[in-house]
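By convention in this document, chain letters (A, B, ...) are assigned in the order of the sequence lines, proteins followed by strands, and residues within each chain are numbered from 1.
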Amino acid sequence: MIATILNRQLDQLFQDAASEGLLPSPLPSYKLTRPDNPEHGDWAINVALVAAKSVGRPPRDLASDLAERISNLDGIARVDVAGPGFLNLFLEPTFAGRVFCDHFLPWLDNGAAIQPERRQRIHIEYVSANPTGPLHVGHGRGAAVGDSLARLLRRAGHDVTREYYVNDAGRQMQMLGNSLWIRLRQQHGEDVELPEDAYQGAYLIDIAAQMLGTLEDPAAFFAQPEAAQLEQCREYAEQAILSGIREDLALFRVEYDQWFSERQLHHSGAVDAAIERLRDAGATREEDGALWFDADRYGDEKPRVLVRDNGEPTYFAADVAYHLNKLERGFDQMIDLWGADHHGYEPRVRAALRACGIGDEQLEVHFIQFVTLVRSGEKVQMSTRSGKFDTLADVIAETGTDAARFFYLLRRPESHLEFDLDLARRQANENPVFYVQYAHARVCSLDRKAQEAGLTLSTFAAEHLSEPADRDLLQVLLEWPDRLRRAADQRAPHQIVFYLQDIAAAFHGYYNKQRIVDATPTEVAAARLALARAVRSVIADGLDLIGVHAPETM
RNA sequence: GCGCCCGUAGCUCAGCAGGAUAGAGCAGCGGACUUCUAAUCCGCAGGUCGGAGGUUCGAAUCCUCCCGGGCGCGCCA
C-alpha cells in the first residue's frame, strides 16, 4: 500500500519530468524496491539507471536532478543519490502510521476488496482424479493448491467457478467394474483370481462386501448375463468411490461448484460435435481406420488419434469437447491444474484449441509436482498399482486438515514436496502452522485483555505509531493488498503462506518488543491495539484463503 | 534420443517481469519468562546460487552449451 501510494506520486512526477525533456518519453519502466541494506533508505528507485542511456546523461547526474523534486513529495524526509545512480528514499517516521490510519483501516472496514485489473470469468478445474480408487497424497496437493487458488482468485475480485471433471467413461471404468465383479464373486465363495491388470487395492474388497450386503438375492444377481453383472458392478464401484472422494474433499475443506461428467459429454453429442469442428477446420484425416487430428500442424509433435479404429472416441477427443464446452459456457479464462506426469499432454490440447481458432491465452495449465511422504525420517514408498499407498484421508487423520493444507502450500507447486508427517503433527514450535495460528490467537488474547481493561480505540493518531518497532510491523502489514494481488496474478497461493509467515514473524517480534494493552499513555495503547487487530484481521483473511482455521485461543 | 520441471546454507526451500553486502524455517551454539499466552523473541555460525561461456553499467534471475535428479514421449486415462 505504501508502494502504491508512492508509485502514484512518482509516476506523475516522472511524467512531468519527461514532458520537460529531463526523462525520456515514453517513460521506461522503472522499479520501486525495498533495499535490503537499511543505509539505502526505505525505498529505492532505479529510474535514473534505466533512463540514462536514452537521455545521454550519466545516471548519477540525472538522479540528482530528480532527487530534489522527489524530496518535495508527501511523506518523503530525504532523498539520496547512491551507488551507480539509485535514488534512495527515506520516509518521514509518521508516514507508515498515516497510511495505516488514512488508507489501510478504512480499507479493512469497507471489506478489504481488491480490484482486479480486469475482472474475469474464470473456470478452474483441479484434482479430477479418476473415480477408480481413493484420493492419495498426491491428489491432496492438487486439492489444496486448486481450492486455495480458487479462493484467492475470488478474493481478488474475479468470478470463479470450481469444477471436478469426472472421468466416468472409458476403459478404466470397465476395468474397475471388472475388478469389483471378481471381488464380489470371491466373497460369494467362488474361486477366482484377480487378474494382474485389475485394481488390486483393498478398498474394492470393502466395496464388494458392501455391495453383496445390498443384494436381496445374490443367486439371482449371478444368474444374470455377464454384461449386466459387469454393468452393475461398474455403476456400484463408481458411486461408492466417487462418494468417498467427495467425503475426503469435504473433510479437507475443498469445495466445488460443479461435478462434470465425461459420460454426459459423450451422451450429449458434444464429443461428436468437437470432432466435427476439427474436421470442418480441415485439421483431421483418416488413416489405418482411425480418425486423426493433425496436432503437429498446431504445435504438437505428432498427430493424435481422435476416433479409434473400433469407432470409439479417445479420451483426448472428449477432453477437447470438454474444453470447448467450458468456453461455450461463457468463461473467458480456463485454468487447469494437472499432475506433473501429464505435462506431455498439454501441447495436444493447445493444438486442438488453436485449430478451433481459440486464443492460446484462454487456457492456463499449471502442473503440480509430486509429493514424497516422510514418516519417522524415512521416505514412504508409494505404489498405486499394487494399491499400497497413503490416502489423503490417512494424512488428514494423522495431521488434521489445517496442518495438511498448510504443508501442501509450503512449496511452489512446481517443486517436489517432501511432506514431513511427523513435523506436521507436532504440536510444537517447529511447526509453521502453529506459528501463524499462534500469532492470531495472541491478538485475540490481547483483545480480551483490552476489553477487561476497558480500553477503547477512539483516540489515537498516526504519531502514536512512529517508533521503529511500529514501522517495522506496519511495513509488512501494509504489504498485504499488494502481496494478495500479486499472488492472484501469478496464480500462486503458496505466496499467501509465505506472507502469513512474514506477518506472523513481524507480529511476534513486535509483541516481544512493545507493550500493547498496558502501554502509556492510553492513546499509544489504543493505537497499538488497533495495529494488532489489523494484523489479526489480515492473518484471518490469509488463513481463510488457504482453508485453514484461525483459532482464538491455543 | 527429444520435450517439460528442478538443482540456492548441514536439511527442507523462498527469491527468478535483472539491481547495491543472496534470504527464511529446521538442525547447531549462546542468551531473554515475578511483566498483555516462551507454541514467542534476540544474537552467533553457516554459501564458488550445479558447471562453463554470453548479453548488460549490473545476472541466482535473461540466452547458449554441459553435468546431475524427476517426469513424459499409447488407437491408456
Side-chain angles (χ1 to χ4, degrees), chain A residues 29 31 33 35-37 39-40 44 46 49-50 52-53 58-59 82-86 88 128-130 132 167 169-173 175 262 287-292 301-302 304-319 339-347 367 369-370 372 374 410-420 423 426-439 441-450 452-453 455 489-490 494-495 497-498 501-502 504-505 507-519 525 528-529 532 553-554:
Chain A
S29 74
K31 266 175 137 180
T33 52
D36 28 46
N37 183 342
E39 288 173 22
H40 295 150
N46 68 345
L49 288 160
V50 295
K53 190 169 275 181
F86 286 102
N88 292 336
S128 296
N130 292 350
T132 56
N167 299 130
R171 237 171 56 188
Q172 308 281 343
M173 296 311 295
M175 189 59 72
E262 181 189 355
E287 203 175 295
D288 302 330
L291 183 71
W292 298 72
E301 49 186 36
K302 52 186 169 188
R304 307 290 180 180
V305 172
L306 286 167
V307 183
R308 290 182 259 256
D309 56 11
N310 65 5
E312 287 287 312
T314 56
Y315 172 85
F316 169 58
D319 213 10
D341 53 338
H342 285 73
H343 66 253
Y345 187 73
E346 182 186 2
F367 296 99
Q369 279 291 347
F370 295 135
T372 311
V374 178
L410 225 32
R411 310 279 174 250
R412 314 151 55 211
E414 56 268 32
S415 279
H416 289 254
L417 171 67
E418 280 205 11
F419 193 130
D420 187 335
L423 178 60
R426 212 167 301 156
Q427 305 264 321
N429 54 359
E430 315 99 284
N431 193 332
V433 190
F434 294 112
Y435 184 82
V436 174
Q437 290 183 319
Y438 183 45
R442 258 190 162 169
V443 183
C444 292
S445 170
L446 281 175
D447 225 5
R448 290 188 293 268
K449 281 276 188 284
E452 284 167 25
L455 182 63
D489 287 347
Q490 299 186 356
H494 70 277
Q495 289 181 8
V497 170
F498 296 146
Q501 293 182 96
D502 288 347
F507 179 72
H508 285 312
Y510 186 77
Y511 182 92
N512 274 274
K513 215 172 293 170
Q514 301 282 58
R515 303 300 302 170
I516 298 173
V517 174
D518 51 10
R528 291 179 182 173
L529 184 63
T553 56
M554 282 177 78

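Looking at heavy atoms from C-beta onward, A/H494 lies out of side-chain contact with A/R411 at the 4.5 angstrom threshold. Contact check for A/F419 versus A/V374: no side-chain heavy atoms found under the 4.5 Å cut-off. A/L410 places a side-chain heavy atom less than 4.5 Å from the side chain of A/Q501. Counting heavy atoms from C-beta on, the side chains of A/E262 and A/D319 never come closer than 4.5 Å. At least one side-chain heavy atom of A/D447 sits less than 4.5 Å from a side-chain heavy atom of A/L529. Between A/W292 and A/L306, every side-chain heavy-atom pair lies at or beyond the 4.5 Å cut-off.
Nucleic acid contact class of A/R442 (heavy atoms, under 4.0 Å, all strands): sugar-phosphate only. Among the atoms of the strands shown, base atoms are found under 4.0 Å from some heavy atom of A/Q172. Nucleic acid contact for A/A519: none, since no nucleic acid atom lies under 4.0 Å from a heavy atom of the residue. Base contact: A/N46 has a heavy atom under 4.0 Å from a base atom. Nucleic acid contact for A/T33: none, since no nucleic acid atom lies under 4.0 Å from a heavy atom of the residue. Contacts of A/A439 with the nucleic acid, taken as non-hydrogen atoms under 4.0 Å apart, are absent. Residue contacts for A/N167: at a heavy-atom cut-off of 4.0 Å it reaches the sugar-phosphate backbone alone, with no base atom in range. At the heavy-atom level, A/D319 lies nowhere under 4.0 Å from the strands shown. Within the 4.0 angstrom heavy-atom criterion, base atoms lie near A/S445. Residue contacts shown for A/K513 are absent, as no nucleic acid heavy atom lies under 4.0 Å away. Contact annotation for A/A290: base contact, defined as any heavy-atom pair under 4.0 Å involving a base atom.
For A/S415, a side-chain nitrogen or oxygen approaches OP1 or OP2 of B/rA14 to under 4.0 Å. An OP1 or OP2 oxygen of B/rG3 is reached within less than 4.0 angstrom by no side-chain nitrogen or oxygen of A/Y345. Phosphate contact (OP1/OP2 of B/rC57, side-chain N/O of A/K53, threshold under 4.0 Å): present. A/R426 has no side-chain polar atom (N or O) that falls below the 4.0 Å cut-off from OP1 or OP2 of B/rA39.
Counting only heavy atoms from C-beta on, A/L49 has its side chain closest to B/rC57 among B/rC57, B/rC6, B/rA77. Taking the side chain of A/H343 as heavy atoms from C-beta on, and the options B/rG70, B/rG15, B/rG74, the nearest nucleotide is B/rG70. Closest to the side chain of A/N37, out of B/rU21, B/rC75, B/rG70, is B/rU21. Comparing B/rC6, B/rG70, B/rC13 by their nearest atom to the side chain of A/E418 picks out B/rC13. When each of B/rG74, B/rC76, B/rA39 is scored by its nearest atom to the side-chain atoms of A/K302, the top-ranked nucleotide is B/rG74. The side chain of A/F498 approaches B/rA14 more closely than any other nucleotide in the set B/rC75, B/rU40, B/rA14. Which of B/rA77, B/rG3, B/rC73 sits closest to the side chain of A/E301 comes down to B/rC73. Comparing B/rG19, B/rC36, B/rG70 by their nearest atom to the side chain of A/H416 picks out B/rG70. Distances from the side chain of A/A82 to the nucleotides B/rG70, B/rC75, B/rA20 place B/rA20 closest. Of the listed nucleotides (B/rC41, B/rA38, B/rC57), B/rA38 has the atom at the smallest distance from the side chain of A/Y511.
When the C1' atom is compared between B/rU61 and B/rG15, the two are found 9 Å apart, to the nearest whole Å. B/rG43 and B/rU21 have their P atoms separated by 22 Å, with the value rounded to a whole Å. For the P atom pair drawn from B/rA59 and B/rG18, the interatomic distance equals 14 Å after rounding to whole Å. The separation of B/rC41 from B/rC26, taken at their P atoms, amounts to 8 Å, rounded to a whole angstrom. Taking the P atoms as reference points, B/rG51 lies 13 Å from B/rG7, given to the whole Å. Taking atom C1' on both B/rG10 and B/rG47, the two are 12 Å apart, rounded to the nearest angstrom. Comparing B/rA14 with B/rA9, their P atoms are spaced 12 Å from each other, to the whole Å. One P atom belongs to B/rG50, the other to B/rC11, and the distance between them is 14 Å to the nearest Å.
Per the geometry, CZ belonging to A/F370 stands 19 Å off C1' belonging to B/rC13, to the nearest Å. One atom, CZ of A/R412, and another, C1' of B/rA24, lie 15 Å apart when rounded to the nearest Å. What separates CZ of A/R304 from C1' of B/rC76 is a distance of 13 Å, to the nearest Å. Distance A/Y315 OH to B/rA77 C1': 6 Å, rounded to the nearest Å. In this structure, the CD atom of A/Q514 is 16 Å from the C1' atom of B/rU40, given to the nearest Å. The nearest whole Å value for the distance from the CG atom in A/L423 to the C1' atom in B/rU12 is 10 Å. We find that CD of A/E346 is positioned 20 Å from P of B/rC71, with the value rounded to whole Å. As rounded to whole Å, 13 Å separates atom P of B/rG58 from atom CZ of A/F86.
In this pair, A/H494 does not lay its aromatic ring on the base of B/rA14; centres under 5.5 Å and planes under 30 degrees do not both hold. B/rA20 has A/H40 stacked on its base ring, the centres lying under 5.5 angstrom apart and the planes within 30 degrees of parallel.
Listed here is the closest heavy atom pair of A/H40 and A/P35: O-CG, 3.3 Å.
Comparing A/V517 and A/V305 along RNA chain B, the residue whose closest nucleotide (by nearest heavy atom) sits nearer the 5' end is A/V517. Mapping A/F434 and A/K31 onto RNA chain B by nearest heavy atom places A/K31 closer to the 5' end of the strand.
Base-pair partner of B/rU56: not found among the strands shown (Watson-Crick or G-U wobble, both distances under 3.5 Å). Figure legend. B/rU34 is base-paired to no nucleotide; pairs are counted as Watson-Crick or G-U wobble with both atom distances under 3.5 Å. Taking a pair to require two hydrogen-bonding distances under 3.5 Å in either a Watson-Crick or a G-U wobble arrangement, B/rC73 pairs with B/rG1. Taking a pair to require two hydrogen-bonding distances under 3.5 Å in either a Watson-Crick or a G-U wobble arrangement, B/rC49 remains unpaired. Across every strand in view, B/rC11 sits in a pair with B/rG25 that passes the Watson-Crick or G-U test at under 3.5 angstrom. Partner assigned to B/rA20 is none, using Watson-Crick or G-U wobble distances below 3.5 angstrom.
In this structure, A/R442 satisfies the cation-pi test against A/Y511, with its NZ or CZ atom closer than 6.0 Å to the six-membered ring centre and inside 45 degrees of the ring normal.
In this pair, A/F367 and A/H343 present their aromatic rings perpendicular. The plane angle is above 60°, beyond the 30 to 60° band.
Below the 3.5 angstrom threshold, one finds a donor paired with an acceptor across the side chain of A/N88 and the base of B/rA20.
Using a 90° window around 0 for the glycosidic torsion, B/rA17 falls inside it and is classed as syn.
The distance from atom CZ of A/R448 to atom OG1 of A/T553, rounded to the nearest 0.5 Å, is 6.0 Å.
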